[in-house]
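Have a look at the structure below before the remarks.
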Amino acid sequence: MASCLAVSPLPMERNLLLTTSTRTPDAISSLRMCHSFQEVKQLHAQFVVSGLLGYNPLCARRLLEAYATMSQIYYAVSIFERMPSPDVFVYNTMIRGLTMGKFLHDSLLLYKEFLFGYLVPDNYTYTFVLKACSHLKAPFEGSIHDAERVLGEFSEENTLAKNAMISGYLSEGRVDKARRMFDNMTARDAASWSALIAGYTKNGMHTEALALFPDMMVSQILPNEAALVSLLSSCGQLGTLHQGRWVHGYIDKTRVLMSTKLTTALIDMYAKCGSIECGYGLFQKMAWRDVVTWGVMISAFAIYGHASKCFHLFDEMLADGIRPNEVIFVAILSACSHAGCVEEGRQYFIQMEHGFGIKPSIEHYGCMVDLLGRAGLLADAEELINSMPEQPNSIIWGSLLSACRTHNDLRRGTWAFEKLMELEPTSGDRYKLAGLMFANAGEKEEAAKMRKMIHEKEMETTCGSSFIEVEGAVHEFTAG
DNA sequence: GTAGGGTTAG
C-alpha cells in the first residue's frame with residue numbers, strides 16, 4: 001500500500017493539489033478528469049491524508065474505477081480488498097478492468113466469487129465476462145465456445161452481450177462469424193457498429209470499414225468516438241485524405257468532444273495521407289498529449305525523414321513528463337536510419353536500455369541493422385545480428401541483404417540470402433534482390449541463376465508503388 | 001454510472 005502513495009512531481013500546470021475543496025464531491029469527481037496514472041496516484045495520496053478515503057464510500061468507488069479503467073490492476077485490487085461490501089457496480093468495474101488488462105483468468109475467478117456472494121449479475125457483468133471468455137484461448141470455464149453457451153442462455157435479445165461477442169470473434173480474426181451475428185441482431189446500437197468497424201480496421205479490411213460509415217448513417221445511428229477513431233485509422237492506412245477530411249468535418253460539425261485519442265487518430269490520418277502540416281497543427285494545439293500522441297507525431301516525422309525534428313520532439317516529450325515506451329524508440333531509431341544519423345542512433349539504442357530500462361525488441365534490432373547497413377557499416381551490422389538474444393526474422397535479413405547489395409558485400413549478402421531462403425523460400429523479391437546484388441558485383445552467372453530460379457519456381461515479384469489521391473480519386477504509381 | 005478506439009523496423 002505504501003507504494004501507492006509514492007507521488008511523483010508533476011509539471012505545475014497539471015498539479016491537482018487540493019486545498020479546502022478536499023471535502024466536497026468536486027474533489028472526488030475530479031478523479032474522472034485524470035489523464036494519467038500519476039494524477040490518480042496524487043489524488044489518492046491526498047484522499048488518504050485528508051481522511052476522505054476512510055469515511056466517504058464514493059471516494060473508494062471512484063478511485064477503484066479510475067485505476068481499473070487505466071488497467072492499473074494492482075492498485076484497483078488494493079482498493080477493492082478494503083471495501084466492506086462491494087456491489088454489482090464495483091464487481092463489474094473490477095471484472096472490466098481485469099479483462100481489459102488481459103488478466104482473463106482473474107476476471108473469471110472474480111466473476112465466480114461474485115456469484116458466490118449471492119449477487120445477481122446484470123447485462124454489464126455478462127458483457128465483460130463474455131469478453132474475457134472470448135479472449136481466453138485456454139480451455140478454462142470459458143473459451144469462446146463457453147461464451148456462446150452463456151449467450152444462448154439469454155432468452156431475449158441482449159445487445160450488450162452480442163456486442164461483446166462481435167468484438168471477441170473479431171479479435172480472433174473470425175470476421176464472417178462476427179458479421180453474421182451483427183446482421184442477425186434486431187437492436188444494434190452505436191457500440192455494435194463501432195465494434196464491427198474497429199474489427200475490420202484491426203484485421204486490415206480498411207475498405208470494408210469505411211464502407212460501413214454510410215450504412216451506419218442510414219440506419220440513424222450516430223457514429224461515436226470509437227467508430228470515428230477506427231474510421232480515421234482506416235483512412236490513414238488507405239491514404240484517403242478526402243474521406244479523412246470528411247470525418248474531421250463531421251467531428252467539427254457535430255461537436256463531438258475532441259479527446260486525446262480522437263485527436264491522435266486525426267494527426268495520424270493527416271500524417272499518413274501526406275498532410276503532416278495539418279497533423280502537426282493539431283498536435284501543437286493539444287492541451288494534453290499522452291505517449292501514443294507523441295509516438296504518432298514522432299513516427300510521422302520519422303517517415304518524412306526529419307530526424308532533427310524527431311530528436312526535438314523526444315526532448316519536449318521528456319520535458320512534458322511523459323516516459324517513452326518501446327514504440328517511441330522504434331520511431332526514433334527509424335528516423336535515425338532514414339536520415340543516416342548513425343551516432344545518434346547508437347546513443348538512443350544504449351539510452352533505451354540503460355536509461356529507460358526498455359529491453360530492445362526485434363523491431364529495435366531491425367532499425368539498428370538497417371541504420372548500420374545503410375551507412376555501409378556491415379561488419380557492425382553482422383556483429384549486432386550475432387549478439388541478438390532471439391533469432392533474426394526475415395525483415396532483418398532482408399534489410400541486411402539490401403544493404404549488401406548497395407555496398408557490394410557479397411559475403412554477407414550471400415549469408416543473408418541463405419537465411420532468407422530458409423525463412424521465405426517462395427519470395428521472388430528476395431531472389432530478385434540477390435540477383436541484383438550479384439549483377440552489381442559483376443557475378444553474371446550467379447545473377448542469371450537467380451533469374452532462372454524465379455522463372456522456374458514461378459515466383460511472384462512485386463514492384464514499389466504508392467497511392468496518391470487527386471480530387472477524391474485514388475491513383476497508384478508504380479516504380480520501374 | 002460501466003462498451004468501443006489511436007503509434008511501431010524493410
Side-chain angles (χ1 to χ4, degrees), chain A residues 29 32 58 61-62 64-65 68-69 87-97 99-100 122-125 127-128 130-131 159-164 166-167 170 189-199 201-202 209 223-234 236 259-269 271-272 289-300 302-303 324-338 345 360-371 373-374 392-403 420 429-430 433 464:
Chain A
S29 59
R32 289 200 164 157
L58 186 64
R61 293 164 76 85
R62 285 287 157 82
L64 179 133
E65 189 189 349
T69 51
D87 63 4
V88 179
F89 182 84
V90 169
Y91 269 103
N92 287 352
T93 308
M94 280 304 297
I95 292 171
R96 182 171 71 115
T99 303
M100 288 194 321
D122 62 12
N123 266 355
Y124 288 102
T125 324
T127 304
F128 306 135
L130 281 169
K131 196 143 194 64
T159 304
L160 230 43
K162 286 196 172 171
N163 290 348
I166 291 173
S167 301
L170 288 163
D189 63 7
S192 323
W193 286 92
S194 63
L196 193 64
I197 294 174
T201 301
K202 262 197 197 144
N224 57 9
E225 205 192 316
L228 295 169
V229 166
S230 299
L231 288 165
L232 287 168
S233 169
S234 283
S259 68
T260 304
K261 281 183 180 177
L262 188 55
T263 315
T264 303
L266 273 169
I267 295 168
D268 183 55
M269 181 278 294
K272 290 215 170 77
R289 309 171 184 120
D290 65 15
V291 70
V292 182
T293 318
W294 288 97
V296 163
M297 204 65 255
I298 295 173
S299 303
I303 291 163
N325 63 11
E326 65 286 352
V327 178
I328 299 290
F329 282 102
V330 171
I332 285 279
L333 293 175
S334 82
C336 294
S337 162
H338 292 152
S361 69
I362 197 148
E363 286 87 359
H364 300 113
Y365 281 105
C367 292
M368 287 305 288
V369 168
D370 194 50
L371 171 69
R374 278 178 202 248
N393 60 14
S394 61
I395 294 173
I396 291 186
W397 293 119
S399 169
L400 184 69
L401 175 60
S402 168
L420 277 169
D429 286 331
R430 308 302 190 188
L433 196 57

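Here is the naming used below: chain letters follow the sequence lines, and residue numbers restart at 1 for every chain. Keep in mind that this is a model prediction, so the values were computed, not measured.
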*When the distance from CD of A:E363 to C1' of B:dT7 is rounded to whole Å, what number comes out?*
12 Å
*Could you tell me whether A:S394 contacts a base, only the sugar-phosphate backbone, or nothing, with contacts defined as non-hydrogen atoms closer than 4.0 Å?*
nothing
*asked:* Whether A:H338 contacts B:dA9 is assessed here as follows: a side-chain N or O lying under 4.0 Å from the phosphate OP1 or OP2. Is that the case?
replied: no
*Please work out if A:R374 contacts a base, only the sugar-phosphate, or nothing of the nucleic acid, heavy-atom cut-off 4.0 Å.*
sugar-phosphate
*Expressed in angstrom and rounded to an integer, what is the separation of A:Y124 atom OH from B:dT2 atom P?*
5 Å
*asked:* If you compare every side-chain N and O of A:K202 against the phosphate oxygens of B:dG4 (OP1, OP2), does one of them come in below 4.0 Å?
replied: no
*Indicate whether OP1 or OP2 belonging to B:dT8 is found under 4.0 Å from a side-chain N or O atom of A:K272.*
yes
*Report yes if a donor N or O on one partner sits less than 3.5 Å from an acceptor N or O on the other, where the partners are the side chain of A:N163 and the base of B:dG4; otherwise report no.*
no
*Are any of the side-chain heavy atoms of A:T264 and A:R289 separated by less than 4.5 Å?*
no
_Let's test your reading of the model: under 3.5 Å, does the base of B:dG6 pair with the side chain of A:S230 as donor and acceptor?_
no
*Separation of A:L333 atom CG from B:dA9 atom P, in whole Å?*
11 Å
*Is there a donor-acceptor contact under 3.5 Å from the side chain of A:T99 to the main chain of A:I95?*
yes
*Of all the choices, B:dT7, B:dG6, B:dG5, which nucleotide is nearest to the side chain of A:E225 once you look at every atom?*
B:dG5
*Quick one: label A:A198 by what it contacts on the DNA or RNA (base, sugar-phosphate, nothing), any heavy atom closer than 4.0 Å.*
sugar-phosphate
*A:I267 CD1 to B:dG5 C1', straight-line distance once rounded to whole Å*: 15 Å
*Determine the contact category for A:L228: base if any of its heavy atoms lies under 4.0 Å from a base atom, sugar-phosphate if only primed atoms, P, OP1 or OP2 are that close, otherwise nothing.*
nothing
_From the set B:dT7, B:dG5, B:dA9, return the single nucleotide nearest to any side-chain atom of A:V327._
B:dT7
*Check whether any side-chain N or O of A:R61 sits under 4.0 Å from OP1 or OP2 of B:dT2, and answer yes or no.*
no
*How is A:F329 classified with respect to the nucleic acid when contacts are heavy atoms under 4.0 Å: base, sugar-phosphate, or nothing?*
nothing
_Sugar-phosphate, base or nothing in reach of A:T69, heavy atoms under 4.0 Å_ = nothing
*Do the side-chain N and O atoms of A:E326 and A:S361 include a donor-acceptor pair separated by under 3.5 angstrom?*
no
*Of the candidate nucleotides B:dG4, B:dT2, B:dT7, which contains the atom at the shortest distance from the side chain of A:N325?*
B:dT7
*When the distance from CE of A:M269 to P of B:dG6 is rounded to whole Å, what number comes out?*
15 Å
*Among B:dG4, B:dA9, B:dT2, the nucleotide that comes nearest once only the side chain of A:I362 is considered*: B:dA9
*Can you find an N or O donor on one side and an acceptor on the other, under 3.5 Å apart, linking the side chain of A:T264 with the base of B:dG6?*
yes
*asked:* Mind checking if A:N393 touches a base, just sugar-phosphate, or nothing, with heavy atoms under 4.0 Å?
replied: base
*Taking only residues two or more places apart in sequence or in another chain, which ones pass side chain to side chain contact (heavy atoms under 4.5 Å, CB included) with A:V90?*
A:R61, A:L64, A:F80, A:M83, A:P86, A:D87
_Between B:dT8 (C1') and A:D370 (CG): distance, integer Å_ = 14 Å
*Of the nucleotides B:dG6, B:dT7, B:dA9, which has the atom closest to the A:T260 side chain?*
B:dG6
*Within less than 4.0 Å of OP1 or OP2 of B:dG4, is there a side-chain N or O belonging to A:T127?*
no
*Send over the distance from A:N224 CG to B:dT2 P, rounded to a whole Å.*
13 Å
*Indicate yes or no for a side-chain donor-acceptor contact from A:N325 to the backbone of A:I328 under 3.5 Å, with no hydrogens or angles considered.*
yes
*Quick check: does any side chain N or O of A:S337 sit under 3.5 Å from a backbone N or O of A:L333, one acting as donor and the other as acceptor?*
no
*Just how far, in rounded Å, is P of B:dA9 from CH2 of A:W397?*
20 Å
_Applying side chain to side chain donor-acceptor pair (under 3.5 Å), can you list everything that pairs with A:S192, at least two apart in sequence or on another chain?_
A:N163, A:D189
*Which nucleotide in the set B:dT7, B:dG4, B:dG10 lies at the smallest distance from any side-chain heavy atom of A:S194?*
B:dG4
